[in-house]
Protein chains: 2
Amino acid sequence: MAEALRLLDSEGISALSMRRLGGQLGSVATAIYWHVANKDELIELVVDEVFGEIEVPVADDPAGWREAAATLARGWRDMILRHPWTVHVLDEVVSSFHGPNSLRLSDEMLGLFEKAGFDLFEADRAGKTLISYVLGIAMSEAAALSRMARDNRSEHEWIKALWPSADEAARDHPRLLALYTAYRDADPAKNREDSFTYGLDRVLDGIEARLPRS
Amino acid sequence: MAEALRLLDSEGISALSMRRLGGQLGSVATAIYWHVANKDELIELVVDEVFGEIEVPVADDPAGWREAAATLARGWRDMILRHPWTVHVLDEVVSSFHGPNSLRLSDEMLGLFEKAGFDLFEADRAGKTLISYVLGIAMSEAAALSRMARDNRSEHEWIKALWPSADEAARDHPRLLALYTAYRDADPAKNREDSFTYGLDRVLDGIEARLPRS
DNA sequence: GCGAGCGTTTGCACACTGTGCGAGTCATTG
DNA sequence: CAATGACTCGCACAGTGTGCAAACGCTCGC
């Protein structure tokens, strides 16, 4: 699993073949099948492993829930950006929601929202809401980043190449054009950070508003 | 593309091979390469096609923005659940954010949030927030549904099979256990709907709170 | 010390994948 | 009628996941 993870992190999902992994271990593809039922199971195991990297901060006082939730969200997103290949195995990811590490994570997240003042049901839904936002944006970011790395072409060049004429673009998509020209000279990394934070704050605002007033 | 979509919808991503698609069209795999550069491009085209199914409601008065945004979110989610294979091609999906249909969609969504009262920048971020939530939860749902269909085993049976003993489960994950036993006799479809709606409302609440008071 | 057993590895084979290349087909046009 | 160009086909290559049976090597009880 460690070797598989190394392969995935350094060269992406397409680098992980059973033959290659076997070779890297000084052995042969079919030898792996003694330890693991099939490739999917291998990936599930690796995915649960990377879930282990996320740590849930403990919020002692109820007031600290929001900061704790934000830290959790950031940790989750950072994990995905550290391992962008997770994007390509989303259904194994979902299956690994039943691995030991992600079970622990789910349970602790429930605890976090319970401590904030929700009952168990609403804690579950609040948690799902937060995680869905994080999953969605992190996967978009990861996919965009890896694609940008593959054919190194900035987002802005992408956009520009799409429109044969500026006039046409302005006619069809006036707002998109205005947005992208405004973004042209911005720092994409900072922009990505700010955008993530903005959404995170909105989601947490929405959740906070549901808390029983203390 | 129509035949590819049919294949994808009825038998999932693994059914779409160039040989199979060629055969279905009364021809041969390599014939497809005249029309399309490679398989990825084919998928991008199909993905943009299904983006075309989503329609953006027009909100005439500013007060209608919330309902319009909710309709948009539901339409997007329904599209993903109608075509669950999109989960497995997330990076082609992200690439197709630059296809004509999704460009139109993005532009119209910007318009929706501008009409609500945001400036262009914040409209972009609000839209990203909403779409990230929808993407995240819909992809989780789609992956879980397709996995459940594959090895027809309910979510609850899944969970039960994980824990060798109830005592152990209760010790390690007390909240998860309580949650799942509470959910045992619930209708999963209704629960999924309610959960989606709950999160959607929280995200929209968070966005609404940022609107300049009118 | 030795054979038995068992966990683990290996080689081989099968059916399948995406796709490059060159030759062939066919309808439309000058 | 000939030729151009859109399109299709057959073949081949390198690669994939994985089933199966044979072989290996280590650790036991005798």
Side-chain angles (χ1 to χ4, degrees), chain A residues 1-49 83-96 99 143 146-147 149-151, chain B residues 1-49 83-96 99 143 146-147 149-151:
Chain A
M1 285 165 51
E3 191 59 40
L5 182 55
R6 196 158 12 221
L7 230 51
L8 286 167
D9 282 344
S10 61
E11 298 184 52
I13 189 74
S14 63
L16 182 67
S17 81
M18 300 304 261
R19 282 168 171 79
R20 172 109 188 252
L21 179 59
Q24 215 90 48
L25 294 166
S27 178
V28 120
T30 49
I32 305 171
Y33 285 85
W34 179 261
H35 308 273
V36 128
N38 50 34
K39 192 182 180 181
D40 282 359
E41 186 180 305
L42 172 72
I43 295 182
E44 279 181 33
L45 288 170
V46 179
V47 170
D48 191 66
E49 181 128 310
H83 309 292
W85 46 269
T86 47
V87 166
H88 303 265
V89 291
L90 227 178
D91 61 335
E92 274 87 10
V93 171
V94 169
S95 304
S96 307
S146 75
R147 184 169 188 90
R150 181 147 54 85
D151 43 53
Chain B
M1 284 166 51
E3 192 58 40
L5 182 55
R6 195 159 13 222
L7 230 50
L8 286 167
D9 281 345
S10 61
E11 298 184 53
I13 189 76
S14 63
L16 182 67
S17 80
M18 300 303 261
R19 281 169 171 78
R20 174 106 188 254
L21 179 59
Q24 215 90 46
L25 293 167
S27 180
V28 120
T30 49
I32 305 171
Y33 285 85
W34 180 261
H35 309 273
V36 128
N38 50 34
K39 193 181 181 181
D40 281 0
E41 185 179 306
L42 172 72
I43 294 182
E44 279 181 34
L45 289 170
V46 179
V47 170
D48 192 65
E49 182 128 309
H83 309 292
W85 47 269
T86 47
V87 167
H88 302 266
V89 291
L90 226 176
D91 61 335
E92 273 88 10
V93 171
V94 170
S95 303
S96 304
S146 75
R147 184 170 187 91
R150 180 147 55 84
D151 43 54

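The analysis underlying the following values was restricted to heavy atoms, covering all of them including side chains, and did not include hydrogens, waters or symmetry mates. Because the structure is predicted, anything quoted here is derived from the model rather than measured. Letters A, B, ... mirror the listed sequences (proteins, then strands); counts begin at 1.
- With a 4.5 Å cut-off on side-chain heavy atoms, V89(B) and V46(B) do not count as touching.
- When every heavy atom of L5(A) is checked against every heavy atom of W85(A), the shortest pair comes out as CD1-CZ2, 3.6 Å.
- Residue pairs satisfying the salt bridge (Lys or Arg N to Asp or Glu O under 4.0 Å) criterion with at least one member in residues 15-29 of chain B, sequence neighbours excluded, are listed as follows: E11(B)-R20(B).
- For S17(A), taking side-chain heavy atoms from C-beta onward, the closest of the listed nucleotides dT16(D), dG18(C), dT18(D) is dT16(D).
- Taking atom CD of residue E41(A) and atom P of nucleotide dT18(D), one finds them 11 Å apart after rounding to whole Å.
- Out of dT18(D), dT19(C), dG7(C), the shortest distance to the side chain of Y33(B) is found at dT19(C).
- Under 3.5 Å, the side chain of R19(B) and the base of dG18(C) form at least one donor-acceptor pair of N or O atoms.
- Straight-line distance from the CZ atom of R20(B) to the C1' atom of dG18(C): 17 Å, rounded to whole Å.
- When distances are taken from the side chain of A31(A) to each of dT10(C), dA6(D), dC9(D), the shortest belongs to dT10(C).
- Going from atom CG of D40(B) over to atom C1' of dT19(C) covers 12 Å, rounded to whole Å.
- The CD1 atom of I43(A) sits 11 Å away from the C1' atom of dG17(D) (whole-angstrom rounding).
- Side-chain proximity of M18(A) to dG18(C), dG17(D), dC9(D): nearest is dG17(D).
- Two residues are said to be in side-chain contact when any heavy atoms from C-beta on lie closer than 4.5 Å; H83(A) and D9(A) meet this criterion.
- Note: CD1 (I32(A)) to P (dG7(C)) measures 20 Å, nearest angstrom.
- Atom pair N38(A):CG and dT16(D):C1' shows a separation of 14 Å (rounding to whole Å applied).
- Contact annotation for T30(B): base contact, defined as any heavy-atom pair under 4.0 Å involving a base atom.
- Summarising the geometry, the separation between CG on L21(B) and P on dT17(C) is reported as 12 Å, rounded to the nearest angstrom.
- Closest to the side chain of S27(A), from the set dG10(D), dT10(C), dT18(D), is dT10(C).
- The side-chain contact (heavy atoms from CB on, under 4.5 Å) with N38(B) is formed by just one residue from the set L42(B), V36(B), D40(B); it is D40(B).
- L7(A) and A15(A) make their closest contact through CD2-O, 3.7 Å (heavy atoms, listed as atom of the first residue, atom of the second, distance).
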Spell out protein contact along nucleotides 23-28 of chain D as letters: B when the base is contacted, S when just the sugar-phosphate is, - when no protein heavy atom is under 4.0 Å; keep the 5' to 3' order.
------

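- At least one side-chain nitrogen or oxygen of H35(A) sits closer than 4.0 Å to the OP1 or OP2 atom of dT9(C).
- Backbone-only contact: L16(B) has heavy atoms under 4.0 Å from sugar-phosphate atoms and none from a base.
- Counting all heavy atoms, side chain and backbone alike, A4(B) lies closest to L21(B) at N-CD1, 3.7 Å.
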